[in-house]
Amino acid sequence: MNMKTFNIGGVHPDDSKLNADAPMQELPIPKQVCVMVSQHLGAPSQPIVKKGDKVKVGTVLTSNDAFLSAVVHSPVSGTVNKIADVVDASLYPKPAIFIDVEGDEWEESIDRSPEIKREINLDGPAIIQKIKEMGIVGMGGACFPTHVKLMPPKDAKAEYLLLNGVECEPYLTCDYRLMLDHAEEIMIGAQILMKALNVPQAIVGIEANKPKAIAHMSEMAKKFPGISVQALKMKYPQGAEKQLIKALTGRAVPSGKLPINVGCVVDNVATCYAVYQAVQKNMPLVQRIVTVTGPSVPQPTNFLARLGTPVSAFLEAIGGVPEDTGKVISGGPMMGKALANTEVSSVKGMSGILVLPEKQAHRNTVYPCIRCGKCVEACPMGLEPYLIASTSLAKAFDLTEKARVMDCIECGCCHFTCPSNRPLLDAIKLGKSTVGKIIRARNAKN
Amino acid sequence: MAENTKWVVSGAPHIHGSDSVTKIMWGVVIALIPAFLVSVYFFGLQALVLTLVTVASCLLFEFLINKFFFKRPCCLGDGSAMITGLLLALNLPSNLPLWMAIVGSLVAIGVAKWAYGGLGSNPFNPALVGRVFLLISFPVAMTTWPLPHALFGGSAVTDAITGPTPLAIAKEALKTGQTPEQIMSELPAYSDMLFGNMAGSMGEISAIAILLGGIFMLCRRIITWHIPVAFLGSAFIFAGILWLADPAQFMDPVFHLLTGGIMLGAIFMATDMVTSPMTNKGKLIFGVGCGVLTILIRTFGAYPEGVSFAILIMNAFVPLINRGCTPKRFANAK
């Protein structure tokens with residue numbers, strides 16, 4: 001098999017895809033859900049329901065006039081209990097809508113029939129409008145509003161649609177499961193996106209550790225002209241947008257530019273599936289697949305769960321938190337966020353819940369930097385992580401900026417590979433956010 | 001949920017690769033075993049005692065400096081002091097008085113390493129600083145080389161017999177007008193040199209043993225090929241050019257690769273992570289600089305051997321090289 005990959009840096013963590021071939025399970029709807037008001041990257045949304053309002057599955061809960069935004073729909077039917085701030089995975093308090101669940105009544109406009117609808121009736125602008133209305137965001141984790149990607153600036157032209165089925169984060173298997181169970185819907189979703197973007201070609205990138213998914217998706221792609229599947233060598237962070245574009249097309253997105261500047265639009269396979277459901281079935285984004293996994297979890301499982309389901313409900317479904325638990329993470333082990341409590345609820349971008357045992361929960365003893373250069377070798381952006389980290393800690397942010405901190409994709413390869421166990425990414429993130437502020441202030445002045 | 005407060009909350013990434021400082025340091029120790037065994041084989045018990053003394057004194061100085069100057073818990077566990085001790089021993093003649101070896105250890109650990117702030121902060125290779133300090137302070141003791149046991153040869157020679165290294169013989173002979181051909185007839189055959197049957201510092205004599213260690217370190221990804229290849233390659237090419245220009249004046253390039261400390265230097269000393277550049281491009285420049293300087297000093301300088309000086313000089317350029325040799329960026333366009 002002819003396999004591709006990106007050109008510089010990267011690491012090879014153990015992929016730990018536990019129990020990936022177990023069937024997907026539907027998680028029972030909890031008694032109460034907690035729906036975060038803003039579940040996307042961009043301008044925050046405002047709630048448009050109030051305490052005591054009756055909602056159905058699919059009722060719009062928030063509004064937002066900004067271009068870079070996405071609305072949220074009720075994932076359950078019931079009564080709005082309260083609107084209050086809760087601490088989410090970012091550890092900051094953010095507004096959320098609590099809904100007491102009553103039955104499971106869906107909006108009439110939503111088509112819940114199981115048959116696959118293959119014919120695409122809407123035209124390009126109508127597709128984009130529908131995707132916006134249905135609150136579709138990138139489901140790989142960044143939660144970038146999908147409709148924005150479909151409206152390239154005037155000077156750019158999309159040539160390729162790239163589908164991200166890489167799932168390079170260890171442990172996570174939700175995209176794998178989706179590709180096995182809903183390959184045809186993903187393909188139709190891709191066709192919809194191709195139509196909206198007016199591009200002739202789509203490539204699905206899947207890493208070599210998922211041979212079944214590669215075989216199944218390739219077989220399915222034969223029925224869909226213009227869509228092909230490309231197997232990729234295993235290397236983290238291949239699922240990062242710029243690395244995936246490089247691997248699939250050989251093109252490099254320049255510093256500070258977007259994929260569209262090299263004619264590419266990248267969407268996760270899960271986003272593609274959500275687009276299919278939105279456009280063909282009129283179904284807003286109210287549920288997603290979440291991998292619940294970990295070395296001590298007896299039965300790692302992929303759950304189809306309503307958004308707003310608390311993490312505690314997922315953990316109950318796997319038989320409770322394992323006794324040796326030391327850390328619970330939202331997302332994968334490389335880029336996920338450690339949770340402070342299990343009341344955090346699932347959001348559009350939450351792909352997994354990873355339970356790590358106590359002995360893997362702590363960081364190793366930190367030694368002085370021995371200048372081995374392994375972080376430089378591992379950086380997929382060709383940066384010098386040691387330099388960015390040390391200038392950032394010394395608060396020499398002009399040097400941090402010169403060292404191109406803004407190009408950092410926060411993949412954590414440097415941190416992962418450092419033989420001295422130095423917390424490089426902590427320092428780099430500090431530098432990146434500070435330099436970002438400095439740049440914004442400078443731009444505002446000019 | 002009260003019991004949840006005990007969970008660890010820390011930033012990503014939550015898993016770590018298998019690499020560690022300790023693993024790297026022990027890897028270097030293992031890689032040094034063949035060269036060490038060869039030196040014990042050729043120079044006997046003396047070599048073993050000298051090594052034990054330098055390693056023990058390096059560990060002791062490391063411990064004392066940490067405890068009394070920096071007042072912090074001991075950091076012998078990282079293995080770096082032991083490597084300094086081992087490398088220092090392998091860079092000394094096996095018959096060096098032990099007190100001199102202890103002085104060398106003090107300079108290596110105290111001056112070259114901790115005066116700059118300890119592991120990771122030293123600009124110069126500590127073992128080489130120790131060696132060069134001894135060379136300048138005790139030139140006679142440092143250049144009185146024991147001849148190896150003639151285990152391969154016929155005549156029964158003992159430890160007590162000393163003689164100059166092939167490099168020193170060549171240097172003197174060229175001054176007196178002998179041709180390289182005449183000189184070579186007095187020296188051990190290249191095959192003997194390859195296995196280490198010649199006078200020299202403990203660890204530098206056997207090219208084969210050093211190469212074995214180098215291959216081990218390459219496989220364990222402790223070093224990359226860049227510095228050794230650039231070092232040895234540039235030395236070979238530069239010496240070759242001189243030799244081709246005037247074979248009556250200059251020794252041939254193979255002679256330069258097999259004698260002196262160039263193998264030990266290129267594979268173990270110049271590749272020291274702390275004192276070599278970060279990027280592969282920088283490592284190549286660093287290696288070429290070492291190689292060319294070594295041959296320059298050997299052929300035109302006052303000393304017969306130039307590896308230590310060449311590496312130390314290039315160590316000084318490392319910050320400059322690091323600044324100049326940034327890695328290949330993801331997308332070159334700004």
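Reminder, nothing fancy here: chain letters follow the sequence lines and each chain counts from 1.
A salt bridge is absent between B:Arg220 and B:Asp19; no separation between the charged side-chain nitrogens and carboxylate oxygens falls under 4.0 Å.
Under a cut-off of 6.0 angstrom, the local environment of NZ in A:Lys337 is sparse, with at most 12 non-hydrogen atoms contributed by other residues, nucleotides or ligands. Around atom CZ of B:Phe70, more than 12 heavy atoms belonging to other residues, nucleotides or ligands sit under 6.0 Å away.
Contact annotation for A:Phe6: neither backbone nor side-chain heavy atoms come within less than 4.5 Å of a heavy atom of chain B. Within the 4.5 angstrom heavy-atom criterion, no atom of A:Val11 approaches chain B. For chain B, the nearby parts of A:Ile370 are the backbone and the side chain; heavy atoms of each come within less than 4.5 Å. Only the side chain of A:Leu91 comes within contact range of chain B, with at least one heavy atom under 4.5 Å from a heavy atom of that chain. For chain B, the nearby part of A:Glu377 is the side chain; its heavy atoms alone come within less than 4.5 Å. In this structure, the portion of B:Thr22 lying under 4.5 Å from any heavy atom of chain A is its side chain and not its backbone. For A:Pro423, no part sits under 4.5 Å from any heavy atom of chain B, backbone or side chain. Only the backbone of A:Met335 comes within contact range of chain B, with heavy atoms under 4.5 Å apart. Interface remark: A:Leu383 contributes backbone and side-chain atoms alike to the contact with chain B (heavy atom separation under 4.5 Å). The contact between A:Thr417 and chain B is made entirely by backbone atoms, counting heavy-atom distances below 4.5 Å. In this structure, chain B has a heavy atom under 4.5 Å from the side chain of A:Asn364, while its backbone stays farther away. Looking at B:Lys283, only its side chain comes within 4.5 Å of chain A, counting heavy atoms on both sides.
Annotation: maximal heavy-atom pairing with chain B below 4.5 Å, among A:Thr325, A:Thr365, A:Asn7, occurs at A:Thr325. Counting heavy-atom pairs under 4.5 Å between each of A:Lys242, A:Lys327, A:Gln243 and chain B puts A:Lys327 at the top. Contact tally against chain B (heavy-atom pairs below 4.5 Å) for A:Asp407, A:Val376, A:Ile329: the top residue is A:Ile329. Between chain B and the options A:Gly256, A:Ala338, A:Gly373, heavy-atom pairs under 4.5 Å are most frequent for A:Ala338. Ranked by heavy-atom pairs shorter than 4.5 Å toward chain A, the options B:Ile222, B:Leu119, B:Ile24, B:Ile223 are led by B:Leu119. For the set B:Gly117, B:Pro327, B:Pro277, the entry with the most heavy-atom pairs within less than 4.5 Å of chain A is B:Pro327. Per-residue heavy-atom pair counts under 4.5 Å with chain B were compared for A:Asp14, A:Leu356, A:Asp426, A:Val328, and the maximum is reached by A:Val328. Taking chain B as the reference chain and counting heavy-atom pairs below 4.5 Å, the highest number among A:Cys372, A:Pro170, A:Cys413 is found for A:Cys372.
For B:Arg329 (side chain) and A:Gly382 (main-chain N/O), a donor-acceptor pair under 3.5 Å exists by modelled atom type. Proximity of a side-chain donor or acceptor of A:Thr342 to a complementary backbone N or O of A:Ser312 within less than 3.5 Å is not detected. The backbone N or O of A:Tyr367 sits nowhere less than 3.5 Å from a side-chain atom of A:Asn421 that would complete a donor-acceptor pair. Without hydrogens or angle criteria, A:Ser345 side chain to A:Pro310 main chain gives no donor-acceptor distance under 3.5 Å. Judged by distance alone, with hydrogens and angles left aside, the side-chain atoms of B:Thr51 form no donor-acceptor pair with the main-chain N or O of B:Ala89 at under 3.5 Å.
Using a 4.5 Å cut-off on side-chain heavy atoms (C-beta onward), B:Asn122 and B:Trp114 make no contact. Between A:Lys246 and A:Arg251, the closest side-chain pair of non-hydrogen atoms is not below 4.5 Å.
A cation-pi arrangement, defined by a distance under 6.0 Å to the six-membered ring centre and an angle within 45 degrees of its axis, is absent between A:Lys17 and A:Tyr171.
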